[in-house]
Amino acid sequence: TGHLFRCMGMNSGFAFETLNIATAAVSLLTALYLLPLVPFLFEALDRTLASEIRAKQKVLTFMSFLCHEIRNPLFAISSTVTFMGDDETLVGQQRESLECIEQSTNLMLRLVN
């Protein structure tokens, strides 16, 4: 309120000074009231952080498991494609399709790894 009065050019006089003192007193009382709550806020923050860490660990474990389960069949596809690529009798569309499969498999392996 003091800032508003100051902007309006009403920053002198008894009313302005009284309002500033009252505002300061309310701020001080609010701070004194809230000060004992600070330890509870830190405890709540610690619990929240611990909960976040546990949740992230669960997600990391799940993602590791998922990547492992996806990686195994991708390696099987990749090795089969490599083996088939060594075949000299492949022609045109067959070779193009095999190269497309190889590119897709390699991309997926990079994403999983």
Side-chain angles (χ1 to χ4, degrees):
T1 307
H3 294 293
L4 180 61
F5 280 162
R6 191 173 292 123
C7 289
M8 294 171 30
M10 302 168 63
N11 58 344
S12 62
F14 179 74
F16 178 77
E17 294 302 324
T18 305
L19 182 63
N20 273 343
I21 291 171
T23 303
V26 168
S27 295
L28 181 62
L29 288 173
T30 303
L32 290 174
Y33 175 76
L34 293 176
L35 194 59
L37 299 177
V38 170
F40 297 111
L41 294 173
F42 281 118
E43 288 174 18
L45 181 61
D46 284 344
R47 284 193 306 271
T48 301
L49 289 175
S51 176
E52 281 288 319
I53 289 170
R54 283 193 305 274
K56 286 182 181 181
Q57 286 172 340
K58 287 180 182 178
V59 169
L60 184 61
T61 301
F62 173 76
M63 292 303 292
S64 296
F65 176 76
L66 182 64
C67 287
H68 173 75
E69 292 302 316
I70 292 173
R71 193 177 298 118
N72 286 341
L74 282 174
F75 276 132
I77 294 169
S78 176
S79 60
T80 302
V81 166
T82 301
F83 177 72
M84 290 173 68
D86 293 339
D87 186 355
E88 300 286 330
T89 62
L90 292 177
V91 292
Q93 183 66 32
Q94 293 172 329
R95 184 145 315 269
E96 288 177 23
S97 296
L98 197 59
E99 288 172 1
C100 180
I101 294 170
E102 184 177 30
Q103 289 174 356
S104 297
T105 304
N106 289 336
L107 175 65
M108 290 296 294
L109 281 170
R110 282 196 305 265
L111 290 173
V112 169
N113 289 330

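Residue numbers run from 1 in the order of the sequence given. Note: hydrogens, waters and symmetry copies are ignored here, and every other heavy atom, side chains too, is used.
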What heavy-atom pair brings Val112 and Cys67 nearest, and what distance separates the two atoms?
CG1-O, 3.4 Å

To the nearest 0.5 angstrom, please state how far the CG atom of Leu109 sits from the CD atom of Glu102.
10.5 Å

Tell me whether Phe75 shares a hydrophobic cluster with Val81, the cluster being built from Ile, Leu, Val, Met, Phe, Trp, Tyr side chains joined at under 4.5 Å.
no

Rounded to the nearest 0.5 Å, how far apart are CD of Gln57 and CZ of Arg54?
9.0 Å

Which pair of heavy atoms, one from Asp87 and one from Arg95, lies closest together, and at what distance?
O-NH2, 2.8 Å

Which heavy atom of Thr105 sits nearest to which heavy atom of Leu74, and what is that distance?
CG2-O, 3.6 Å

Going only through I, L, V, M, F, W and Y residues with side-chain contacts under 4.5 Å, is there a path from Leu32 to Leu34?
no

For the CG atom of Leu45 and the CD atom of Glu52, what is their distance to the nearest 0.5 Å?
10.5 Å

Close side-chain approach of Gln103 and Leu107, heavy atoms under 4.5 Å:
no

Any donor-acceptor pair under 3.5 Å from Ser79 side chain to Ala76 backbone
yes

Inter-residue atom distance Glu99.CD - Leu90.CG, 0.5 Å rounding
10.0 Å

Minimal non-hydrogen separation, Arg71 against Asn113, with atom names
NE-OD1, 2.8 Å

same_hphob_cluster(Tyr33, Phe40) at 4.5 Å side-chain heavy-atom cutoff:
yes

Please determine whether residues Phe42 and Leu35 belong to a single hydrophobic cluster, defined as Ile, Leu, Val, Met, Phe, Trp and Tyr linked transitively by side-chain heavy-atom distances below 4.5 Å.
yes

Measure the spacing between OG1 of Thr82 and CG of Leu98 and express it to the nearest 0.5 Å.
8.5 Å

State, yes or no, whether a side-chain contact exists between Val59 and Phe62 at a heavy-atom distance under 4.5 Å.
no

Tell me if a side-chain donor or acceptor on Ser104 pairs with a main-chain N or O of Cys100 at a distance below 3.5 Å.
yes

Transitively linked via ILVMFWY side-chain contacts under 4.5 Å: Phe65 with Ile70?
no

